[in-house]
Amino acid sequence: MQRNLLNILWLPLLPGFASMVYYISLVAGLPFIVPVLLVIAFGYFSYVWLGRHVAVEEATSLTKAHIAWSYAILVAGVVIMTNKSYYIAPQYGYWDSWTIWNYHAKFLQHPEYRKYLFSVNPEMHADYPLYLSASIAFLRRLTGCDNFVVPYALGYCIQLLVPVSIFLALHRKSLPIAALVFFLIVTDDFYLERGLGQYADVPLALLFLCAFICIEDAQKKPGAVLMAAAFIGCCMWVKNEGIMLAVIFIAFNIKTLFAAGRWKYFLAGIALPLLTLLIFKAEAPSNDLLAAKGTKAMDLLSDPDRHQIVWDYLAYNFNHYYIPLKIGLVIYAILCIAEKRWPARNLLALLCCMLGYCIVYLLTPKSIDWHVHTSMDRLLMQLMPSFMYLMALRFSRLRFSLGDEVSKI
Amino acid sequence: MKSWVVLILLTLSAAVSTYLYTVKSEAPTDADRISKALKGISGYLSIGSHLVFRCSVPASDLFPAYVSYYLTPVKLVPPGSSGNDTTLMMSPVTATDSTETAIIAQSVIIWQNKDDKYRYLLMHHR
């Protein structure tokens, strides 16, 4: 992994680590200075360790024109996003910002308030993990800014890192494909609005994407397994559905993660997120969706009307908000059929995640129409960057293979 | 591409965007109004207490969320909940409601405030 990409992937680990040690310090009743010092130490040592164990030397194979174009594209995209974001951003975020993420952060800003987090109203979702809320609380205490600037700045950085990570991961393989995906994301108002709405979906999308980027390097650098494990651990610490994503990710990459002694790196990466999640879950109420299932599951799963509702909303979302993703998937499917090959393993993992979401909708104890209507667009956002990255990875290889064919002719 | 160039670019972008967000002028929202109006109430509420929230403002579903947020960690409960004798009432300044008038008559007002649109009453039931 190139150093510039590694630096970008290192950034989302910082709020992840900060939120975990901050939450544990609250539970343990430690003074605020303890997590602050731990975060500083983590920042330094993880940067140095990753530089030694994951980074590779800068290859000199790129032409000056390629590098110049890469800079130009990156600067143009970042300027577009900087210019668009502040006026697209809702002033104080959307519904979930008030009722979940920033609200939970308020409980975590004051050590004496934390225990009341679990007695708030059920619709305030006290069972939701705390990557975002604890990060906001930590940063608010650190900066002394008890306002909405902190969640905005954090949300902006996270949504900026998604396209930049994809671009840096792909530009060496195919600059046109990397640029296309990069501009598709930075000019997507729906993505920007969701990213700046102070929801947890784009943070989850970034962390899941980072796990997929890291797993590409896992065979060459075992340190990348540690990073991938840390990222899926952070996914679990962002939202409850992150647990499902993590399980599917592990199931589809089990050999890469555990073979040849790499399991030690996996354990090292996932240990802290898992421990923090277990401490949190021991205190938190049970999930409302899981708690409400029971014996009617088969009836709900076999109801054709429910399948129709889920399918209709899925089609609606793909046709309105995720058109590039839909086109990409169609091209990808055509390529697979033409080449008589299965889709990439991790693309199948993403399809499984989507199927998992659909099953959760089918089993929901709430009104399925309301549930799908209010959340499916955001759930697809969690998977969209990973889909775009994995498809682009495939398309960038296609370009080279076509080039080889042409050169052979 | 140099790592430090990318990092400086992203840092600049985040700083500029955050600055533009902070100076963006928007009309005060209901959240701003509630935040300002409830500033003096915290001294009358104990940490973690339960408060009946009675809101006769139909404008936004998020009003209870705004109030919960600014009064954290006070828990808001709906009218009619048993065992809660303190109520925060929020109503338009221009309207009078007979139910509210009756509730006010049966209560001791602990704290009150109003702005250009709403009035806020913290009451203890007699």
Side-chain angles (χ1 to χ4, degrees), chain A residues 2-8 11 55 58 62 67 70-71 74-75 78-79 81-87 89-92 94-95 97-100 102-107 109-110 112-117 119-121 123-124 147-150 152-154 156-157 160-161 164 168 171-172 196, chain B residues 1-36 38-39 42 45-53 60-78 81 83-84:
Chain A
Q2 297 299 313
R3 184 78 229 196
N4 53 21
L5 175 61
L6 184 63
N7 284 349
I8 297 302
L11 290 173
E58 291 282 332
L62 298 180
I67 295 170
S70 299
Y71 275 124
L74 191 65
V75 170
V78 169
V79 168
M81 193 177 261
T82 311
N83 191 44
K84 287 186 92 163
S85 292
Y86 77 95
Y87 67 83
Q91 200 169 0
Y92 302 127
Y94 291 118
W95 182 280
S97 145
W98 284 101
T99 58
I100 304 174
N102 289 333
Y103 184 48
H104 293 180
K106 292 285 277 186
F107 287 88
Q109 281 169 243
H110 306 274
E112 64 274 24
Y113 290 2
R114 185 189 61 84
K115 63 181 177 184
Y116 298 106
L117 170 62
S119 60
V120 296
N121 298 330
E123 61 268 27
M124 303 302 188
N147 54 31
F148 285 81
V149 176
V150 168
Y152 173 84
L154 186 63
Y156 179 78
C157 291
L160 181 61
L161 290 179
V164 171
L168 291 178
H171 82 102
R172 287 173 167 273
L196 296 165
Chain B
M1 295 176 82
K2 298 288 182 198
S3 298
W4 60 271
V5 175
V6 177
L7 283 177
I8 287 175
L9 178 66
L10 300 189
T11 308
L12 269 176
S13 167
V16 170
S17 180
T18 306
Y19 172 74
L20 292 172
Y21 170 78
T22 54
V23 298
K24 181 170 70 164
S25 59
E26 286 193 6
T29 62
D30 283 327
D32 294 317
R33 192 170 281 113
I34 289 171
S35 164
K36 198 174 166 187
L38 296 181
K39 276 221 160 59
S42 55
L45 301 168
S46 55
I47 292 173
S49 58
H50 291 198
L51 187 63
V52 175
F53 181 57
S60 169
D61 291 342
L62 271 171
F63 276 19
Y66 297 152
V67 175
S68 291
Y69 181 85
Y70 290 116
L71 297 186
T72 309
V74 169
K75 179 177 177 175
L76 298 189
V77 294
S81 306
N84 300 292

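Every chain is numbered from 1 and lettered A, B, ... according to where its sequence line falls, protein lines coming before strand lines.
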*asked:* Please check if the number of heavy atoms outside Lys84(A) that lie under 6.0 Å from its NZ is greater than 12.
replied: yes

Below 4.5 Å, heavy-atom pairs only: which of [options] has the largest tally toward chain B?
{"options": "Tyr113(A), Tyr92(A), Phe107(A)", "answer": "Tyr113(A)"}
{"options": "Gln109(A), His171(A), Glu112(A), Met81(A)", "answer": "His171(A)"}
{"options": "Val75(A), Ile8(A), Asn102(A)", "answer": "Asn102(A)"}
{"options": "Val149(A), Ile67(A), Leu117(A)", "answer": "Val149(A)"}

*Mind ranking Tyr19(B), Trp4(B), Tyr69(B) by heavy-atom pairs under 4.5 Å with chain A and telling me who comes out on top?*
Tyr69(B)

Closest heavy-atom pair and its distance - [X], [Y]:
{"X": "Tyr116(A)", "Y": "Pro73(B)", "value": "CB-CB, 3.9 Å"}
{"X": "Thr82(A)", "Y": "Ser17(B)", "value": "CG2-N, 3.9 Å"}
{"X": "Tyr86(A)", "Y": "Tyr21(B)", "value": "CB-N, 3.9 Å"}

*Measuring heavy-atom distances to chain B, does Leu74(A) have an atom under 4.5 Å in its side chain, in its backbone, in both, or in neither?*
both

*Which atoms of Leu168(A) come close to chain B, meaning under 4.5 Å heavy atom to heavy atom: side chain ones, backbone ones, both, or neither?*
side chain

*Is there a donor in the side chain of Tyr152(A) and an acceptor in the side chain of Thr22(B), or the other way round, less than 3.5 Å apart?*
no

*Verify whether one side chain among Ser13(B) and Tyr156(A) offers a donor that lies under 3.5 Å from an acceptor in the other.*
yes

*Within 45° of the ring axis of Tyr87(A) and under 6.0 Å from its six-membered ring centre, is that where the NZ or CZ of Lys24(B) lies?*
no

_Student check: side-chain heavy atoms of Leu62(B) and Thr99(A) closer than 4.5 Å_ = yes

_Could you go through Leu11(A) and Leu7(B), starting from their C-alpha distance and side-chain angles, then the distance that decides it, and tell me whether this counts as side chain to side chain contact (heavy atoms under 4.5 Å, CB included)?_
CA-CA 10 Å; Leu11(A) 290 173; Leu7(B) 283 177; 4.0 Å; yes

*Give, as side chain, backbone, both or neither, the part of Thr29(B) having an atom under 4.5 angstrom from any heavy atom of chain A.*
side chain

_Side chain, backbone, both or neither of Val74(B) within contact of chain A (heavy atoms, under 4.5 Å)_ = backbone

*Does the side chain to side chain contact (heavy atoms under 4.5 Å, CB included) test come out yes or no for Leu10(B) and Leu161(A), once each step is laid out?*
CA-CA 8 Å; Leu10(B) 300 189; Leu161(A) 290 179; 3.8 Å; yes

